[in-house]
Trainee: 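One structure coming up, written as structure tokens, with questions to follow.
Worth saying up front: this structure is predicted, and the values here are computed from it rather than measured. Letters A, B, ... are given to chains in the order of the sequence lines, protein chains preceding strands, and every chain is numbered from 1.
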Amino acid sequence: MKITINGTQRTLAATTVEEALTEAGFTGTVATALNGTFVPAAARGTTALTEGALLEVLAPMQGG
Amino acid sequence: MPRFYGTQVDSCLMLGTAGYPSPAILAEAFRTSGAGIATVSLRREGGGGQAFRELIQGLDVHLLPNTAGCHTAREAITTAQMARELFGTSWIKLEVIGHADTLQPDPFALVEAATALCRDGFQVFPYCTEDLILCERLLEAGCEVLMPWGAPIGSGRGLNNPYGLATLRAHLPDVPMVIDAGIGLPSHAAQAMEMGFDAILTNTAVAQAGDPAAMAHALSLAIEAGRLARAADPMGPRDMASPSTPLIGKAFL
């Protein structure tokens, strides 16, 4: 299925957010949002991806 | 010392973590200033996130995640939810930017986002202007801290509207208020503290100084001087001169 992760289109076998993170190689602590809606870590395994979904994977960063 | 949502903080200086020449200099600026709170953000994971997480955990300060760069209430709310999970805190510095040039807050979207986040259990630190009515609406929404700007973010212009800020301080004397944005020099920070504000948040003034650690130290001293001066009940300005040396007993020459 084709989804967009952090602005880059990917073709993945994953069907859930959890699987997409693993397949795309994210290993550290991150926060996720699917199509603009927050997906808590505990819900990633049961949150299904859909064709063309937008997945944002965020990490701690410098800020003011 | 300031108290935010029941948490006592040991410094009136809050420091941003962006734009330093190196992580080591960032850490040194926190050490020399004794800043009690570090602001942080969330960005797309590109490999540096985990190293930064270790760096900020080593600072041993309270973390205040922000929603910097958000232009709508929806974006800001989602970012806040992600920040709460990522940083393990309900504190959120709520920024909803209304204009690309001035980076001034969108007051309407700010109140909308603050209302939703307070209902959801967040402890919101709203980045706002000195507009009294906006600040009252934010308090009604459930905010217990206000963060009025001194001047546009990164401008280093100090307190653009001291009259408006003094009015705000006078009308809401018991609300913890942090001057956020616009501080360029220690004198700006001292002025804000002398006016009775509870804390100062600055980033660019430190990170962009030639010697960030030295500037952070200077800011911390100015903030402490301003805080002590406020507590000492400073005199008011006068229009006319008033001799300080007694006239009684002056020789007739």
Trainee: On a heavy-atom basis, which atom in B:Ala18 and which in A:Gly64 lie closest, and how many Å separate them?
Mentor: CB-N, 4.4 Å

Trainee: Which residue out of B:Asn203, B:Leu64, B:Thr17 racks up the most heavy-atom pairs below 4.5 Å with chain A?
Mentor: B:Thr17

Trainee: Would you mind telling me which of B:Lys93, B:Glu75, B:Glu45 has the largest number of heavy-atom pairs within less than 4.5 Å of chain A?
Mentor: B:Glu45

Trainee: Less than 4.5 Å to any heavy atom of chain A: does that hold for the side chain of B:Glu95, its backbone, both, or neither?
Mentor: side chain

Trainee: Is it the side chain or the backbone of B:Tyr20 that comes within 4.5 Å of chain A heavy atoms, both, or neither?
Mentor: neither

Trainee: Would one find more than 12 heavy atoms of other residues, nucleotides or ligands at under 6.0 Å from atom OH of B:Tyr5?
Mentor: yes

Trainee: A:Thr32 versus chain B, heavy atoms under 4.5 Å apart: side chain, backbone, both or neither?
Mentor: backbone

Trainee: Measuring only between side-chain heavy atoms, which start at C-beta, is A:Thr29 closer than 4.5 Å to B:Leu86?
Mentor: yes

Trainee: Strictly less than 4.5 Å between heavy atoms, which residues of residues 147-157 of chain B line up against chain A? Please order them by number.
Mentor: none

Trainee: For the backbone of A:Phe38 and the side chain of B:Thr78, can you confirm whether one donor and one acceptor N or O come within less than 3.5 Å of each other?
Mentor: no

Trainee: Report, by ascending residue number, the residues of residues 27-44 of chain B in heavy-atom contact with chain A at a distance under 4.5 Å; give 'none' if the set is empty.
Mentor: B:Thr39, B:Val40, B:Ser41, B:Leu42, B:Arg43, B:Arg44

Trainee: With distance as the sole test, does B:Asn66 use its side chain to make a donor-acceptor pair with the main-chain N or O of A:Gly63 at under 3.5 Å?
Mentor: no

Trainee: What are the residues of residues 7-24 of chain A, in order of number, with any heavy atom under 4.5 angstrom from a heavy atom of chain B?
Mentor: A:Gly7

Trainee: By the ring pair (Phe, Tyr, Trp, His ring centres under 6.0 Å) test, which pairs, at least two apart or in different chains, include something from residues 36-78 of chain B?
Mentor: B:His62-B:Trp91

Trainee: Please flag which part of B:Gln50 lies under 4.5 Å from any non-hydrogen atom of chain A: side chain, backbone, both or neither.
Mentor: side chain

Trainee: Please classify the contact between B:Arg84 and chain A as side chain, backbone, both or neither, with a heavy-atom cut-off of under 4.5 Å.
Mentor: neither

